[in-house]
Amino acid sequence: MGKFKLGYAPTRRFVFSKEDALKYKVLIREKMESFGLDIDIVDLEGINEEGLLHERNEEAAIIKRFRDEEVDALFFPHCNFGTEDIVARVAKAIGKPVLIWGPRDEAPLKDGMRLRDTQCGIFATGKVLRRFNVKFTYITNCRVDDPIFERGFKNFIAAANVVKHFTNLRILQISTRPSDFWSVICNEGELLETFGIQIHPITLDELKKETLKIEKTDSPELDEAVNYIKEKLDWSTVTEEDVRRIASLKVAMKKLASETRSTAIAIQCWSTLQDIIGIMPCLANAILTDEQIPVTCETDIHGAITSIMVQAATLNTAPTFFADITIRHPENPNGELLFHCGNFPVSLSVEERPKLNKHFLFDDHSPGTHEGQIIGGDMTLARFDGDHGEYSIFLGKAKGIEGPFTRGSYVWVEVNDWPLWEEKLVKGPYIHHSVGIHANVIPVLFEACEYIPGLTPDPVDPTVEEIKAWLRGSDLNK
């Protein structure tokens with residue numbers, strides 16, 4: 001979807017120091033660029049001599065620049081008090097996530113005069129944004145070099161990236177849900193009406209035809225997929241023909257996603273697919289998920305939505321994994337097994353060359369599962385779901401622990417209070433499917449919900465108040 005674009009509109013008010021406003025415009029930009037985020041910054045240079053938002057007659061030119069550049073979010077640093085009405089009108093016109101903040105003021109001068117009064121200006125802007133019905137994020141008033149500015153800025157950019165991907169979401173649905181999976185029923189019309197999420201359905205027969213067509217070619221994409229499988233996995237339990245068909249399936253799914261402009265896939269992975277082409281899609285799912293096209297099993301549309309959100313929360317820098325929440329740890333009361341048949345990204349594997357196997361559960365034992373344990377460490381687990389017209393996203397943090405061997409793709413995790421987690425998951429609106437990622441993206445997803453009408457964050461650990469305190473930087477003031 002292209003690199004994230006941030007509209008940078010530093011603002012001042014005429015009665016405070018113009019010189020200090022210009023100084024902080026530069027300091028703030030330099031600090032943003034030092035954070036190492038892969039984003040484009042669209043500024044106001046050339047609209048006026050200062051590159052600052054303060055003249056009402058320049059409002060139309062500023063709006064035009066941000067629209068022409070198709071920015072994904074807006075940042076209005078108050079370099080002194082700021083001009084709140086122009087901030088609000090530009091924000092309303094662009095309709096993207098908004099961040100306001102101002103650098104903490106120095107002590108008054110010896111003659112009692114103050115140069116900026118940025119905190120006071122933020123109070124004013126917040127009120128006017130509310131009057132305009134503009135949702136916004138703010139960072140606690142602090143110095144440019146304070147850790148809370150970096151924390152808040154990065155969290156906002158990631159949250160805005162979630163909103164960007166969520167509001168442009170189209171899912172390639174490959175066949176209907178398996179008949180036994182009532183838990184993944186979704187309301188396609190409601191998803192479109194409420195969130196603008198589009199679903200593009202195709203049949204397994206269409207996928208079969210595309211797969212077999214690609215299998216007969218010598219395309220560079222197919223060669224690359226075959227070589228990847230042979231280099232990255234132990235494929236000794238399957239045949240050369242199996243590898244080629246699995247690779248062809250992966251290439252076909254990616255091609256169909258590209259042609260339909262879909263950013264995620266939900267596939268009926270059993271059992272008709274095995275009847276018509278003789279393989280499991282688990283490894284193909286794993287490779288595509290590693291390539292930032294997350295694929296969910298059992299035609300789980302809500303799982304695909306979750307995957308896009310969680311992936312975007314890292315600025316698309318880390319792969320997700322789609323897991324069943326299955327059984328409790330035999331010894332740890334807060335331990336749980338995250339598992340699926342063989343679809344976790346290969347890059348997450350503990351083994352240097354994990355196994356490409358035949359499915360261990362179904363009677364036909366079709367080849368195509370990527371089995372093995374994945375790395376532990378700190379993770380976020382999430383689940384977008386809903387029923388009866390109400391939608392929420394479950395959020396919780398987990399940590400990898402040791403546990404017994406099991407078949408499929410798996411990792412054992414520990415959480416803070418498993419009975420509390422179980423109660424939330426059973427009472428719903430959630431199911432046994434979850435999306436994991438090796439990053440703490442809970443504050444990001446929590447903030448993103450501010451910009452997604454109809455979606456409520458539902459954190460289990462940390463709590464709502466703990467997340468808000470972290471965003472405020474309360475822990476940094478102790």
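Of all heavy-atom pairs spanning I467 and P462, the tightest one is CG1-CG, 3.5 Å.
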If you apply the rule side chain to side chain donor-acceptor pair (under 3.5 Å), what do you find for W270 with E298, and how did you get there?
CA-CA 7 Å; W270 58 272; E298 288 105 12; 3.2 Å; yes
Under the criterion side chain to side chain donor-acceptor pair (under 3.5 Å), I'd like the reasoning laid out for N155 against E447: C-alpha separation, chi angles, the key distance, then a yes or no.
CA-CA 8 Å; N155 199 80; E447 188 66 25; 5.1 Å; no
Going through the distances and angles, do F166 and Y451 end up as a ring-ring contact (aromatic ring centres under 6.0 Å, His included)?
CA-CA 10 Å; F166 184 90; Y451 299 98; over 10 Å; no
For a side chain to side chain donor-acceptor pair (under 3.5 Å) check, start with the C-alpha distance between Q268 and S175, then their side-chain angles and the critical distance, and finish with the verdict.
CA-CA 6 Å; Q268 186 198 101; S175 192; 3.2 Å; yes
Can you check side chain to side chain donor-acceptor pair (under 3.5 Å) on D242 and T239, steps first, answer last?
CA-CA 5 Å; D242 293 332; T239 68; 3.0 Å; yes
From CA spacing to verdict: side chain to side chain contact (heavy atoms under 4.5 Å, CB included), F4, I157
CA-CA 9 Å; F4 186 93; I157 295 297; 3.9 Å; yes
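Counted within 6.0 Å of CD on E422, heavy atoms from surrounding residues, nucleotides or ligands total more than 12; the atom is thus considered enclosed. Atom CD of E402 has 12 or fewer heavy atoms from other residues, nucleotides or ligands within 6.0 Å.
When atom types are taken as modelled, the side chain of K92 and the backbone of V134 share no donor-acceptor pair closer than 3.5 angstrom. Distance alone, capped at 3.5 Å, places no donor-acceptor pair between the D146 side chain and the I148 backbone. Side-chain atoms of S307 do not come within 3.5 Å of backbone N or O of T296 as any donor-acceptor pair.
Taking the charged nitrogens against the carboxylate oxygens, D290 and K232 have no contact shorter than 4.0 Å, which rules out a salt bridge. Of the charged side-chain nitrogens involved, at least one lies within less than 4.0 Å of a carboxylate oxygen, so that D40 and K3 count as a salt-bridged pair.
Using bins of under 30°, 30° to 60° and over 60° for the plane-to-plane angle, the ring pair F149/W101 lands in the parallel bin. F75 and Y8 have tilted rings, their planes meeting at an angle from 30° to 60° on a 0 to 90° scale. A tilted orientation is assigned to the rings of F35 and F153, their planes being inclined by 30° to 60°. A tilted orientation is assigned to the rings of H438 and F321, their planes being inclined by 30° to 60°.
Taking the centre of each ring, Y391 and F195 come in below the 6.0 Å mark. A distance below 6.0 Å separates the ring centres of F322 and H433.
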